[in-house]
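Heads up: the structure comes next, in structure tokens.
In each ligand, atom 1 is the first atom listed, and ligand 1 is the first ligand listed. Here the structure is a predicted model, which means the values were calculated and not measured.
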Amino acid sequence: MLKYSIKGSRLIVIFIFTAIISGSILTYLSINHISNYRELLEKKISEEERDLSNRFSSGFKNNLDSISSRFRYYLEEKDLSVLQKLKIRDSIKEGGNYIEIDRNGSFLLPNFPDNEGLITNIESSKIYLERLHLAENNEFNVSDFEKANSYYLSALEVATSKTDSVHIYNSMARLYVKMDLQQKAFDAYQTILTEFRSTVNSSGFPYAYFSVIKLLQISNPSNFEELRTLLTSFLEELADGTIPLNDSSLELMDLIEEWREKNQNQLNNEIFKDLIDRNKNSLLIINNYKIQLKNILRQHNNEVEDSLTNDVLRIKPILDSNGELMLFFEKQPISGGLVLRLEPLFMDVLEKLQFDNLKFEYELNLVDKIETNYLANTNIISTSEFSPYFENNLVQIALKNENIIDENVLKKQLTYGIGLFIFLGTMVLGLYLLIQDVNREKRMNKLRADFVSNVTHELKTPLTSINMFAEAMNLSEETLDSKQKKYASIIVKESEKLKRMINNILEFSKKENDKLSYKLKRSNITGIVNSTLKEMDYFLEINKIEVNRNIEENIYAAVYDEGLKQALSNLISNGIKYSSENKKMNVQLFKKDGNIFIEVEDYGIGIPKDKLDLIFDKFYRVNLNATTSGTGLGLTVSRDIIEEQHGKLLVESTLGKGSKFTIILNIA
Ligand code: ADP
């Protein structure tokens, strides 16, 4: 029983120990792994951002290349529908401003001819000049406006060129203003604007511009609506190139805007603003690229940024306007360019960008290098250059969900936490079941031992009676004959043997139940040895064992005499059981070095060397097939009894030659 509980608790201790060790290792590994995991995620993110940045840069380059080549195709084919497609398909509608330029560097689209280019030197007729002179003389020197008016009208009749006609209309309008004929003046300026759109004066200045300035000056609420229509078509014609843009266009548009703003209540026309913006934008392109393009056409390519394989040049604007780039294709006699704006280009590349094979989701933004308020590189944001043409711009790649690292780490922590919890839970459950098992085993053992002890007790009572009565029969001399006496003494001896066996079992179950405790008392060991031998006489005799006794007299020690007797009779009984041909036995009792030695030596079958330690184990028998009966408890009980009395039971044996068992007791 004691052994069982020790084994049980040892198992539990081992179990707890294993649980603690493996739990600690697991905890350590999880903590370690979680802290590494954060670093790993950060590394992964910066790798993916780098990868995305590369993808974006090459996507951007490819986009530019593809637009370049299609633009080139358009210019070669002169196919307007391709340009349309180019703008629509590449989603660069807002970004694509198309220009055309002639050999001299004049912008044909947006229309911006050099002033000199407009001057035509058609000579006026003599009669026209005479009448004009008379009209101007009457207007400026005589101040006879009526006469002047009729001379102007007669000059108009003989005018041979548009320039002459428009000159007269202009003079008449001026005269009407002086004569306070506002409506007539308005009509004359209107005629110039509608019929002589592109006619210029001797310095190349378009009369249309001039008339607009005048119309703005003389306008009044009664003709606001009329003027608004006139100005709208003027601005439309500027935008579509019918009326050329020139260096004065901007000033003129400012005047129109000023007039519009002043009269906003009467005129609420958004179209105005759009047209003005469009024209201003065209002027901006011209200003930004004018010098570079002229240089290109003069074959001075120094300022050209880059020359591509497909003859399309990429030119940055001369003014530092970020986010703009021109693709320019030089071709005789007319060259063309396409101004691209960065933002639509960026959006377009973004749309086509492959976001596959990425663990996380990212957001791409355009940032200005010069503006310093963008976020610097961190472990979740990376900022990099993406194109040499937009060196002032950077692409910034950031995690869409900036808490994703924390969330992932938390998820990992939860997984490990649950894992650990399950592990510990299983361990606790295991421990609980183990304790249950051990307890059940303990209970079962106790039940078994109790059962054995009860049964043996029950057996012992009738056996004692049998023994007692047989002995009584043996002692009564009158009634029994010699044969009957012999039988009675056999019954006595055999019942004693049975009693010894039962005692062995009882002692054993006591020991198992941890109830072995002896009261030692000083006894005569010589007496105990002699009486035991005497009890065994019968068995020695019937087995024809010759016992050589060497027993010292008067040896005393504190022992449990019943126990010692039982142990000794077990040893003698074994000597008989495992005897061989050589039927001899030595039994000795002597004192030596303060100890008492009781030796039982036989010349029987002996015990193999490797089994010498095992024979004292409970139920162990060397040769289970042997015919010799036994329980395997005799030596176990004997050693327990001796050791309980602070003694020792030793064995020496040679296989085939015999064995010697020695009980060593202290002299107390
Ligand atoms: P049992 O004799 O009932 O089998 P024991 O505990 O007395 O049980 O002995 C255990 C085993 O030791 C025996 O089965 C036997 O094989 C061996 N043994 C004990 N005493 C001797 C002996 N004197 N000579 C040879 N073998 C022995």
Checklist line | Side chain, backbone, both or neither: V622 near ligand 1, heavy atoms under 4.0 Å | finding: both

Next item on the list: May I ask you to decide whether K534 forms a salt bridge with D537, counting only side-chain N to carboxylate O separations under 4.0 Å?
Entry: no

Item checked: Option whose closest heavy atom lies nearest to atom 6 (O) of ligand 1, chosen from L571, L635, V637, N570 -> L635

Check: To the nearest 0.1 Å, how far is atom 4 (O) of ligand 1 from its closest protein heavy atom, and which atom is that?
Finding: R621 NE, 2.5 Å

Notebook entry, point to check: Below 4.0 angstrom, N of the basic side chain to O of the carboxylate: do D561 and K565 qualify?
Noted result: no

Notebook entry, point to check: Hey, does N574 come in under 3.5 Å of ligand 1, counting only N/O atoms on both sides?
Noted result: yes

Next item on the list: Could you tell me whether E496 and K499 make a salt bridge, using a distance below 4.0 angstrom between a side-chain N and a carboxylate O?
Entry: no

Item checked: E535/R500 salt bridge by N-O under 4.0 Å criterion -> no

Item checked: Shortest protein contact, atom 8 (O) of ligand 1 (heavy atom only) -> G632 CA, 3.2 Å

Next item on the list: Taking the side chain as every heavy atom from C-beta outward, state whether E42 and I405 have any atom pair closer than 4.5 Å.
Entry: yes

Checklist line | Lys/Arg N to Asp/Glu carboxylate O, E48 vs K359, below 4.0 Å | finding: no

Notebook entry, point to check: Below 6.0 angstrom between ring centroids: does that apply to F60 and F390?
Noted result: yes

Notebook entry, point to check: With distance as the sole test, does T526 use its side chain to make a donor-acceptor pair with the main-chain N or O of N554 at under 3.5 Å?
Noted result: yes

Margin query: Below 30° counts as parallel, above 60° as perpendicular, anything between as tilted: where do the rings of F508 and F619 land?
Written below: perpendicular

Note to self: Measuring from non-hydrogen atoms of G604 to any atom of ligand 1, is the shortest distance under 4.0 Å?
What the structure shows: no

Margin query: Looking only at distances, can you tell me whether any N or O atom of Y620, backbone or side chain, sits closer than 3.5 Å to an N or O atom of ligand 1?
Written below: no

Margin query: Among all protein heavy atoms in this structure, tell me which lies nearest to atom 2 (O) of ligand 1, with the distance rounded to 0.1 Å.
Written below: Y578 OH, 2.8 Å

Notebook entry, point to check: Judged by non-hydrogen atoms, does F616 sit under 4.0 Å from ligand 1?
Noted result: no

Notebook entry, point to check: Which ligand 1 atoms, with their elements, are less than 4.0 angstrom from a heavy-atom of K577?
Noted result: 1 (P), 2 (O), 3 (O)

Margin query: If the cut-off is 4.0 Å to any non-hydrogen atom of G634, which atoms of ligand 1 fall inside it?
Written below: 5 (P), 6 (O), 7 (O)

Note to self: Using a 4.0 Å cutoff against the non-hydrogen atoms of I607, which atoms of ligand 1 qualify?
What the structure shows: 25 (C), 26 (N), 27 (C)

Next item on the list: May I ask whether T631 places a heavy atom under 4.0 Å from ligand 1?
Entry: yes

Next item on the list: Specify the protein heavy atom at minimum distance from atom 23 (N) of ligand 1: its residue, its atom name, and the distance to 0.1 Å.
Entry: D602 OD2, 2.8 Å

Note to self: Less than 4.0 angstrom from a charged side-chain N to a carboxylate O is my criterion; do D602 and K577 meet it?
What the structure shows: no

Next item on the list: Check each atom of ligand 1 against the heavy atoms of G630 and keep those under 4.0 Å away; list them by number with element.
Entry: 3 (O)

Next item on the list: Report the nearest protein non-hydrogen atom to atom 12 (O) of ligand 1: residue, atom name, distance rounded to 0.1 Å.
Entry: I615 CG2, 3.4 Å

